[in-house]
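Everything below concerns the one structure shown next.
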There are 4 protein chains.
Amino acid sequence: MTRNVLPETPLGRPANPEARAHRREQILAGAQRCFVRKGFHAATTAEISSEAGVSVANMYQYFPTKDDLIRAMIQADLAEDLDLVRLVNEADTLAEGLEKTIRLTTAEHENLSNLGLRLEILAEAARNPRIAAEVREADAQITAAVAEMIARRQLAGEVSNDIDPGPTADLIMSLFDGMIGRIALAASNPEALARAATQLILAGLGVTPKAAD
Amino acid sequence: MTRNVLPETPLGRPANPEARAHRREQILAGAQRCFVRKGFHAATTAEISSEAGVSVANMYQYFPTKDDLIRAMIQADLAEDLDLVRLVNEADTLAEGLEKTIRLTTAEHENLSNLGLRLEILAEAARNPRIAAEVREADAQITAAVAEMIARRQLAGEVSNDIDPGPTADLIMSLFDGMIGRIALAASNPEALARAATQLILAGLGVTPKAAD
Amino acid sequence: MTRNVLPETPLGRPANPEARAHRREQILAGAQRCFVRKGFHAATTAEISSEAGVSVANMYQYFPTKDDLIRAMIQADLAEDLDLVRLVNEADTLAEGLEKTIRLTTAEHENLSNLGLRLEILAEAARNPRIAAEVREADAQITAAVAEMIARRQLAGEVSNDIDPGPTADLIMSLFDGMIGRIALAASNPEALARAATQLILAGLGVTPKAAD
Amino acid sequence: MTRNVLPETPLGRPANPEARAHRREQILAGAQRCFVRKGFHAATTAEISSEAGVSVANMYQYFPTKDDLIRAMIQADLAEDLDLVRLVNEADTLAEGLEKTIRLTTAEHENLSNLGLRLEILAEAARNPRIAAEVREADAQITAAVAEMIARRQLAGEVSNDIDPGPTADLIMSLFDGMIGRIALAASNPEALARAATQLILAGLGVTPKAAD
DNA sequence: GATGAATGAGGGTTCATTCAT
DNA sequence: TATGAATGAACCCTCATTCAT
């Protein structure tokens with residue numbers, strides 16, 4: 001990757017893209033911790049850079065604005081969610097896939113603390129149209145993946161043909177978002193909620209217990 | 001304007017309590033508009049008081065701190081939600097009650113703009129324990145009411161006895177919260193989502209279409 | 001001035017325009033001292049407000065921007081210059097008027113320190129078009145007054161009819177500006193310079209020593 | 001690009017002095033453009049180095065401080081002015097010399113933009129004593145040269161013996177500085193001003209039109 | 001009670017400058 | 001030498017809050 005294709009005299013310190021990328025991640029990680037703890041607006045740049053182990057001025061060479069930092073963070077978070085869907089899509093049966101997703105979402109999402117971030121992102125999107133657009137786009141991808149999964153299960157006879165994959169996927173997304181909120185709030189017991197959710201969705205999809213077995 | 005309805009209240013109480021209550025509402029209303037628009041932390045006291053048509057200093061005589069204002073606002077919002085549940089509890093059939101709630105939540109909640117506030121509240125609760133406790137308490141009441149409604153429908157033979165009212169109520173609350181988020185984000189079509197939600201919940205509860213009819 | 005024309009209930013602390021105007025002047029005075037000492041861009045808002053005996057935040061209630069402060073200061077300075085011209089215009093003979101102006105400009109202009117401000121203003125005008133326009137406008141008024149004065153002296157036979165009042169007034173303004181610069185620099189002796197300037201201008205205008213006497 | 005013209009200089013001198021001098025000029029040229037555009041204090045080192053096509057760190061190897069850069073720039077500018085005087089001193093008649101100087105100063109000074117720099121320098125000198133001293137020194141040389149020229153013309157009978165060369169030279173310098181300011185401000189027409197200036201000075205010096213011819 | 005005026009404590013951002021390669 | 005990366009110290013401005021009328 002650092003092959004010298006052109007043997008031109010470098011004349012000065014060569015740029016190191018890998019180090020830059022690494023530091024970028026480092027800053028984003030620190031920012032995430034701060035944002036989870038304080039929210040986007042209450043977290044200060046000084047706090048973030050300190051948490052990331054970087055000087056404030058240096059942080060500004062990677063993210064020219066606090067807003068840029070927020071947006072980059074949101075993008076990274078959405079990308080993570082997309083990864084999650086990909087995992088789920090590879091499950092053998094719907095029940096198995098559902099369970100996996102719900103478990104990953106509600107339980108193992110890095111000690112639950114990140115759940116608050118999803119709320120923060122949604123709240124921010126509710127007033128910042130630019131961010132709303134970005135969140136919508138990522139959500140659309142996830143929802144489409146879920147819808148496609150449902151359709152596939154219909155072809156496999158696993159899911160009732162009566163239901164419409166699109167709105168149902170939308171609904172499942174809603175359920176997940178809502179569960180995240182309640183778990184973050186500590187208003188619900190994650191495991192019980194997860195179990196009930198699996199049952200509700202399977203019933204709603206018209207999945208025969210045998211097929212799910 | 002400052003009509004003295006009760007020129008002389010006994011007990012040495014300083015001034016007209018009705019006027020005070022009215023002004024309090026006036027400030028809360030202005031604050032709500034600002035919070036919806038900007039969020040709790042980005043909305044400034046100057047902005048809020050201006051929106052409410054009150055001087056900043058005056059506002060501080062009603063809410064000694066911006067935080068107090070936020071908390072009062074949240075309380076008012078939660079109280080509204082509790083009112084909603086009371087309405088629902090009076091419905092005849094489960095299907096009817098559900099439809100009504102969903103409609104009220106997703107469609108008529110004052111031109112949707114207030115939906116963002118619910119997100120803001122949840123996000124704030126995710127980091128402020130004091131607010132989390134308040135939200136949890138209100139949520140507990142609502143969830144209990146929903147659970148009770150389910151139990152009543154089980155007795156009436158309308159709902160399958162296989163399901164557990166508590167977790168299911170929790171789940172329904174999750175679904176509602178999530179729907180609010182997605183509608184606020186404009187990621188979903190409210191009507192389609194509401195229809196799918198009704199169907200999902202009824203199916204999940206084991207309500208036979210005939211009974212719901 | 002604070003007559004109560006409308007006996008409406010004031011409802012709150014009444015605004016006091018005189019106090020405001022006074023504080024405005026106070027800030028401008030402090031700003032002037034700082035600008036003279038450091039220049040527009042090197043003077044900080046903290047410095048200025050401290051010099052003016054005002055808090056930074058309070059200063060910002062009078063001048064919403066440092067730029068606004070600079071512009072107001074320039075306007076005040078230009079207004080002072082216009083006052084100067086008015087005085088001169090009332091002199092009996094040209095020689096007397098000239099001497100007076102030169103004296104006022106080079107010697108008594110508040111311990112010379114303000115001279116640097118004129119340079120600062122011109123330098124700023126050289127790059128800020130908005131300020132350039134304001135300075136030009138004030139200069140145009142002054143120059144026109146000088147030209148008019150010359151024309152009057154021509155009619156009185158005091159000044160040769162060979163010269164053109166407009167460009168000559170321009171020239172005299174140039175001379176004054178230049179003298180200010182050199183005196184501020186301490187490159188010239190003010191009195192000697194003033195004497196030579198008077199002589200040069202009178203000679204240049206074709207004023208016969210007898211007439212000037 | 002970094003051609004080694006002299007691969008081995010004796011005396012252990014580190015590197016090509018010509019290249020250094022050239023780069024120095026390159027930086028000064030970039031700095032001048034920035035200073036003209038923004039002023040000494042508003043121009044940033046990043047801007048300057050970028051305009052000069054050099055990295056910031058590299059610039060610091062030529063000018064260890066922004067202040068050094070400013071001073072070097074001022075020195076270069078003053079040196080240019082001294083060159084100008086030398087040209088003028090070689091003129092045959094006073095009128096011719098004057099005209100030439102005025103023309104060079106007001107018209108051909110590199111598209112007028114540099115005029116602002118003179119103001120910037122004077123303004124800076126008005127507060128920075130070190131720079132004031134440097135400017136004064138250069139001005140003294142120029143003024144002396146002008147005074148000497150006047151004295152020579154007096155011996156030649158071209159100029160009235162009534163005038164005192166020293167203060168008069170000072171005055172002429174003032175006039176020039178002032179004209180520069182007004183032209184930079186676009187408050188005066190350069191040609192008209194130049195013509196009037198020539199006429200005024202000649203008249204002030206008691207030069208008979210015939211003698212000037 | 002209600003308003004205008006005032007302020008200390010940051011907040012985001014920039015900048016001259018240095019370090020590392 | 002020359003460039004990329006990093007940083008401490010401000011700087012302008014704002015905000016929640018208090019004081020004075």
Side-chain angles (χ1 to χ4, degrees), chain A residues 9-17 19-20 23 41-49 54-69, chain B residues 1-2 14-16 19-20 23 41-49 54-69, chain C residues 9-17 19-20 23 41-49 54-67 69, chain D residues 1-2 4 14-16 19-20 23 41-49 54-69:
Chain A
T9 41
L11 268 189
R13 182 180 176 175
N16 185 348
R20 279 198 81 81
R23 176 142 282 203
H41 290 89
T44 73
T45 54
E47 226 172 341
I48 295 169
S49 60
V54 177
S55 77
V56 183
N58 192 211
M59 193 172 83
Y60 268 82
Q61 288 189 341
Y62 288 81
F63 301 96
T65 288
K66 192 187 169 187
D67 226 75
D68 288 319
L69 182 60
Chain B
M1 277 209 175
T2 347
N16 189 344
R20 268 199 83 80
R23 178 144 283 205
H41 289 88
T44 74
T45 54
E47 220 174 346
I48 295 169
S49 60
V54 177
S55 75
V56 184
N58 194 212
M59 192 172 83
Y60 269 80
Q61 287 186 334
Y62 290 80
F63 302 95
T65 286
K66 191 188 169 187
D67 228 72
D68 288 319
L69 182 59
Chain C
T9 42
L11 268 188
R13 179 180 179 176
N16 183 346
R20 278 198 81 82
R23 177 141 283 205
H41 291 89
T44 75
T45 54
E47 225 174 342
I48 295 170
S49 61
V54 177
S55 77
V56 182
N58 192 212
M59 192 172 83
Y60 269 83
Q61 288 189 342
Y62 290 80
F63 301 96
T65 288
K66 192 187 168 187
D67 227 74
L69 182 59
Chain D
M1 275 204 177
T2 347
N4 267 347
N16 190 342
R20 269 198 85 81
R23 179 144 280 205
H41 290 88
T44 73
T45 54
E47 220 174 346
I48 294 169
S49 60
V54 177
S55 76
V56 184
N58 193 211
M59 193 172 82
Y60 268 79
Q61 288 185 332
Y62 290 81
F63 302 95
T65 286
K66 192 188 170 187
D67 227 73
D68 288 319
L69 182 60

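Proteins come first, then strands; the chains are lettered A, B, ... in the order of their sequence lines, and each starts at number 1. Fair warning: this is a prediction, and the values are worked out from it, not measured in the lab.
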Both B:Tyr62 and A:Thr44 contact DNA chain E. Taking the nearest nucleotide for each, which residue is further toward the 5' end?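 Upstream on the strand: B:Tyr62.
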Tell me which of D:Asp67 and B:Arg23 sits closer to the 5' end of DNA chain E, going by the nucleotide each one is nearest to.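 Result of the comparison: B:Arg23.
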Spacing of [X] atom [atom1] relative to [N] atom [atom2], expressed in whole Å:
| X | N | atom1 | atom2 | result |
| --- | --- | --- | --- | --- |
| C:Glu47 | F:dC11 | CD | C1' | 11 Å |
| A:Met59 | F:dT7 | CE | P | 12 Å |
| B:His41 | F:dC15 | NE2 | P | 14 Å |
| D:Lys66 | E:dC15 | NZ | C1' | 9 Å |
| C:Asn16 | E:dT3 | CG | C1' | 13 Å |
| B:Phe63 | F:dC15 | CZ | C1' | 19 Å |

Please report the closest heavy-atom contact between [X] and [Y], naming both atoms and the distance.
| X | Y | answer |
| --- | --- | --- |
| A:Val54 | A:Met59 | CG1-N, 3.9 Å |
| D:Arg20 | D:Gln61 | NH2-O, 3.1 Å |
| A:Glu47 | A:Ala42 | OE1-O, 4.0 Å |
| D:Tyr60 | D:Lys66 | OH-N, 4.4 Å |
| B:Ala46 | B:Val56 | CA-CG2, 4.1 Å |

Scan every strand shown for a Watson-Crick or G-U wobble partner of E:dA2, both distances under 3.5 Å, and answer none if you come up empty.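 Base-paired to F:dT21.
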Using both distances under 3.5 Å as the test, list the Watson-Crick or G-U wobble partner of E:dA16, or none.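 Its partner is F:dT7.
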Measure from the side chain of [X], starting at C-beta and using heavy atoms only, and say which of [options] lies closest.
| X | options | answer |
| --- | --- | --- |
| A:Pro14 | E:dT7, E:dT21, F:dC13 | E:dT21 |
| C:Thr65 | E:dA5, F:dA2, F:dC13 | F:dC13 |
| A:Ala57 | E:dG4, F:dG8, F:dA5 | F:dG8 |
| D:Thr45 | E:dA16, F:dA16, E:dG4 | E:dA16 |
| D:Gln61 | F:dA2, E:dA6, F:dG4 | F:dA2 |
| A:Ser55 | F:dA2, E:dT3, F:dG8 | F:dG8 |
| A:Val56 | E:dT13, F:dA5, E:dT3 | E:dT13 |
| B:Arg20 | E:dG1, F:dA5, E:dG4 | E:dG1 |
| B:Tyr60 | F:dT7, F:dT18, F:dC13 | F:dT18 |

Any donor-acceptor N/O pair under 3.5 Å between E:dA2 base and C:Arg13 side chain: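 No such pair is found, so the answer is no.
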Counting any heavy atom closer than 4.0 Å, what does A:Ala43 reach on the DNA or RNA strands: base, sugar-phosphate only, or nothing?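 Touches sugar-phosphate only.
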Would you find a donor on one side and an acceptor on the other, under 3.5 Å apart, between the side chain of B:Thr65 and the backbone of B:Asp68?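 The answer is no, because no donor-acceptor pair under 3.5 Å joins these two groups.
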Given that A:Val54 and D:Asn58 both sit by DNA chain F, which one's nearest nucleotide is further toward the 5' end?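 Comparing both residues, the 5'-ward one is D:Asn58.
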